[in-house]
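As structure tokens, the structure follows; a few thoughts come after it.
Residue indices begin at 1 and follow the sequence shown. Hydrogens, waters and symmetry mates play no part in the numbers below; they use all other heavy atoms, side chains included.
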Amino acid sequence: MINFGELELRSNEKYSFLGIENKDGQLLFHLPKGFSPADIRALNTFDKKRDLFFLFYRVLNVFKQTSLSKGNFEKDAKADDRDGVVKEDAGAEISSNNNGGIIFYSKVDALTSILDAYDELKILTFVHRLGKSETLDYSKLHRYLHKGIFLDNGAIYIDSMDVLRKEIHFEASDIVSMYCYILTEIKEQLKEEVRAEVQSLAEQFRQQYIGTESSVFSEKSYQTILNCLKDALEVIDNYTPLKDPDYWHFYDAIEAFLFGELEHSAEGEIWGINNFHMVWEAMCLTYLVKTTAPGFLVYLDERLLSSQIINKFKSANKIIDLSEVFRVNGAEVFPDAVIISSEEMAVSFGCNLSLALYKIKADYWDMRWNDYGYYTRFTLDLPSTYRTLKIAYLDQNVDGEHTFYNLEKHFPSNRNTLMVDSPLPDKFYSFWDVPYNLSIEELCMMRCLNHVFYRALKRGVFSKEKFSKWIQSIKSKIFEKSLFRQDTDKRSISEIAELFLLFLRKLSWRFQLVDIKYSSPEYYLNPEKAEEIKRRSVRKQFVYEYLLQKHLRDSNTPLKDWDITSEFWLPVYSPDSPAFSPGPKYLDGYLNLTQVNIISVIDSYLETEST
């Protein structure tokens with residue numbers, strides 16, 4: 001078993017290896033780029049190294065399963081193991097693909113032996129038994145005639161049948177309950193659930209042999225629990241008279257967990273991946289798909305992504321189709337992503353709406369204002385002024401209750417005033433005339449109160465025609481009847497679409513070309529690396545920009561005058577910081593260095609584990 005206290009953390013000295021290496025008898029845990037020496041000192045405890053190991057264990061497993069499902073690996077001629085990858089004598093799982101070769105190293109018998117040995121049927125044979133049941137299955141009566149009692153009137157009496165039924169027994173073989181205990185401990189670290197039957201057997205073993213709530217993966221109890229487990233295995237082995245194949249199935253897995261010493265392995269990589277830069281790219285792109293408004297992510301390199309993420313990206317209506325743009329002499333080139341963004345929208349998405357509080361007061365007592373039977377008008381209490389706005393509920397009835405009563409189910413209220421401190425639910429839409437001077441505060445309020453213009457932008461609507469079609473597709477008369485009309489004048493959807501175009505022109509839009517790099521800022525700021533960077537990275541960005549500019553010009557799209565910017569995304573470990581932060585200035589600001597929080601993208605990536 002791994003003693004996390006003895007693992008030595010290292011910042012990544014090799015270009016792209018992440019994992020555990022045996023070097024001169026010392027186990028080195030290589031972390032990704034972005035971990036500073038100060039970070040490593042702060043993480044140098046048993047518990048933190050344990051958490052890091054299991055975190056990256058889960059990440060690599062998601063990447064491996066995604067790659068296997070996509071058929072990216074070319075099988076070697078050697079025998080396949082149960083996971084569909086190949087094992088060398090040194091303990092490495094070998095898989096290669098067209099991108100240059102990936103090697104998964106997996107000689108971590110402490111975990112793989114237990115996880116690979118999981119056999120639900122073998123375990124459940126100890127908790128499912130064949131027993132008598134008072135429930136009669138009349139379709140099987142003919143099978144029990146020989147056991148029946150025939151009465152004088154010709155009837156037959158059968159008091160019970162032998163049918164399958166579930167029973168929890170606590171006399172299961174100790175070797176199985178010991179296995180279940182270790183499996184449960186590992187699954188807890190991997191944040192995975194186990195069946196109730198397995199938990200019951202695990203708890204039985206704990207009470208009989210350990211008698212404590214301490215964990216085998218805790219620094220304080222690690223050595224004590226490990227010794228208890230070794231003693232228990234010896235006792236079980238000595239006092240088990242009959243050892244069938246099922247016994248040895250679980251015994252071998254437990255023995256490898258308890259006595260498999262990584263220090264005795266041949267020197268070199270023991271566990272991990274040689275090309276972590278590919279995992280880094282997959283994590284960043286997954287995060288992009290999950291956090292970017294669907295219509296704004298207009299191009300994506302799909303080669304490393306799961307089918308679930310690709311389907312989510314493709315299912316959204318795009319502002320512009322760039323799928324066939326990036327080709328040179330008939331060959332496809334692959335920028336990682338292209339995003340449509342604006343500084344104002346980016347800042348507004350960064351607003352912490354949980355700290356905002358909007359007091360909106362219902363004008364439902366003012367019956368002199370005819371709203372065609374829809375009661376939707378509110379006043380917004382702002383520091384400097386009051387503003388009139390409309391908020392409608394899509395399922396609202398004509399001559400029904402005021403929208404206030406529907407909102408009151410979601411937000412606290414005081415008499416006729418609502419305290420709105422989070423975005424309105426999806427079925428609520430609002431509208432007011434947007435001021436000429438568009439501030440960030442105004443955009444944050446539009447986002448929180450579901451202003452129709454903001455909702456349209458999130459769906460990738462960027463033209464008058466698309467705006468009109470989008471409103472009409474919602475199939476609710478409440479927009480023209482109430483939201484869009486003034487006190488005295490009715491305004492058509494077409495008129496509101498013109499106002500939407502004016503709103504668009506107030507924002508500074510641009511195409512953002514993203515290239516995900518597995519390097520540090522220092523690499524790009526090193527003068528000695530200038531030629532290498534220009535040859536390997538900067539020239540590609542020029543090509544991407546040229547192809548995009550040419551397409552916009554040739555297609556004469558209204559978006560042709562938008563700016564095009566490029567940026568490199570670099571990893572940084574920063575648990576308490578936002579997902580993105582600006583890096584140092586580079587190439588006089590022509591190309592931005594953006595630091596991406598490793599923890600943020602990992603959390604998003606691991607959400608795909610169960611799908």
Side-chain angles (χ1 to χ4, degrees), residues 291 293-294 342 344-367 369 371-398 400-459 461 470-471 474 476-487 496 499-500 503 506-507 578:
T291 58
S342 77
E344 298 91 345
M345 290 289 286
V347 174
S348 69
F349 272 112
C351 294
N352 190 346
L353 297 182
S354 63
L355 300 179
L357 178 64
Y358 300 104
K359 297 180 181 180
I360 53 177
K361 184 178 180 181
D363 282 345
Y364 56 87
W365 65 86
D366 187 359
M367 299 303 294
W369 184 70
D371 195 19
Y372 286 86
Y374 291 104
Y375 300 111
T376 62
R377 191 163 72 167
F378 293 81
T379 56
L380 180 62
D381 186 2
L382 296 173
S384 57
T385 183
Y386 283 88
R387 182 185 298 179
T388 299
L389 71 152
K390 317 270 187 59
I391 302 178
Y393 178 56
L394 285 187
D395 295 337
Q396 198 163 339
N397 296 320
V398 177
E401 292 183 331
H402 194 286
T403 318
F404 175 88
Y405 294 108
N406 293 307
L407 284 170
E408 200 176 25
K409 300 172 184 176
H410 303 277
F411 301 100
S413 62
N414 182 13
R415 295 184 179 179
N416 65 330
T417 302
L418 288 163
M419 311 298 176
V420 179
D421 57 357
S422 61
L424 301 187
D426 279 345
K427 283 200 171 185
F428 292 89
Y429 288 77
S430 70
F431 183 79
W432 63 86
D433 288 334
V434 178
Y436 181 79
N437 294 320
L438 194 59
S439 64
I440 296 301
E441 291 75 15
E442 185 78 20
L443 283 168
C444 289
M445 187 166 67
M446 293 175 71
R447 175 187 167 202
C448 185
L449 300 181
N450 282 356
H451 193 287
V452 173
F453 289 174
Y454 209 97
R455 293 284 294 269
L457 283 183
K458 287 180 67 177
R459 291 186 61 85
V461 175
W470 172 64
I471 291 294
I474 300 175
S476 176
K477 295 180 180 179
I478 205 166
F479 291 96
E480 284 187 278
K481 292 283 188 181
S482 175
L483 283 189
F484 295 157
R485 73 180 290 265
Q486 295 174 311
D487 288 1
I496 299 299
L499 295 177
F500 175 67
F503 167 70
K506 296 175 184 178
L507 303 175

> Can you check side-chain contact (heavy atoms from CB on, under 4.5 Å) on Ile478 and Tyr393, steps first, answer last?
Replying inline: CA-CA 8 Å; Ile478 205 166; Tyr393 178 56; 6.0 Å; no

Okay, side chain of [X], backbone of [Y]: is any donor-acceptor separation there less than 3.5 Å?
{"X": "Asn450", "Y": "Pro425", "result": "yes"}
{"X": "Ser342", "Y": "Leu507", "result": "no"}
{"X": "Lys458", "Y": "Arg447", "result": "no"}

Roughly how far, to the nearest 0.5 Å, is the [atom2] atom of [Y] from the [atom1] atom of [X]?
{"X": "Asp433", "Y": "Leu389", "atom1": "CG", "atom2": "CG", "value": "11.0 Å"}
{"X": "Ile391", "Y": "Phe428", "atom1": "CD1", "atom2": "CZ", "value": "8.5 Å"}
{"X": "Ile360", "Y": "Thr403", "atom1": "CD1", "atom2": "OG1", "value": "9.0 Å"}
{"X": "Leu443", "Y": "Phe503", "atom1": "CG", "atom2": "CZ", "value": "5.5 Å"}
{"X": "Asn397", "Y": "Tyr374", "atom1": "CG", "atom2": "OH", "value": "8.0 Å"}
{"X": "Gln396", "Y": "Tyr375", "atom1": "CD", "atom2": "OH", "value": "10.5 Å"}

Any side-chain heavy-atom pair of [X] and [Y] under 4.5 Å:
{"X": "Val434", "Y": "Leu499", "value": "no"}
{"X": "Tyr358", "Y": "Cys444", "value": "yes"}
{"X": "Glu401", "Y": "Asn406", "value": "no"}

> Any idea which heavy atoms bring Ser422 and Cys448 closest together, and the distance?
Replying inline: O-SG, 3.5 Å

> Of all heavy-atom pairs between Met445 and Leu380, which one has the smallest distance, and what is that distance?
Replying inline: SD-CD2, 3.0 Å

> Taking only residues two or more places apart in sequence or in another chain, which ones pass salt bridge (Lys or Arg N to Asp or Glu O under 4.0 Å) with Glu442?
Replying inline: Arg387

> Taking only residues two or more places apart in sequence or in another chain, which ones pass salt bridge (Lys or Arg N to Asp or Glu O under 4.0 Å) with Lys427?
Replying inline: Asp395

>> Let's go through Lys390 and Phe484 carefully: what are the C-alpha distance in whole Å and the side-chain angles of both, what is the deciding distance for side-chain contact (heavy atoms from CB on, under 4.5 Å) to 0.1 Å, and is it a yes or a no?
In response: CA-CA 9 Å; Lys390 317 270 187 59; Phe484 295 157; over 6 Å; no

> Partners of Glu408 by side chain to side chain contact (heavy atoms under 4.5 Å, CB included), sequence neighbours excluded?
Replying inline: Phe404, Tyr405, Ser413, Leu418

> Taking only residues two or more places apart in sequence, or in another chain, which ones meet Thr388 in a side chain to side chain contact (heavy atoms under 4.5 Å, CB included)?
Replying inline: Arg377, Thr379

>> With side-chain contact (heavy atoms from CB on, under 4.5 Å) as the criterion, how do Trp470 and Val452 come out once you've worked through the C-alpha distance, each side chain's angles and the decisive distance to 0.1 Å?
In response: CA-CA 10 Å; Trp470 172 64; Val452 173; 3.7 Å; yes

> Which residues pass the side chain to side chain donor-acceptor pair (under 3.5 Å) test with Ser476, sequence neighbours left out?
Replying inline: none

> What residues form a side chain to side chain donor-acceptor pair (under 3.5 Å) with Tyr429, not counting sequence neighbours?
Replying inline: Arg455

>> Classify the ring geometry of His451 against Phe431: parallel below 30°, tilted from 30° to 60°, perpendicular beyond 60°.
In response: tilted

>> The test is side-chain contact (heavy atoms from CB on, under 4.5 Å); show your working for Phe453 and Val461 and say whether it passes.
In response: CA-CA 9 Å; Phe453 289 174; Val461 175; over 6 Å; no

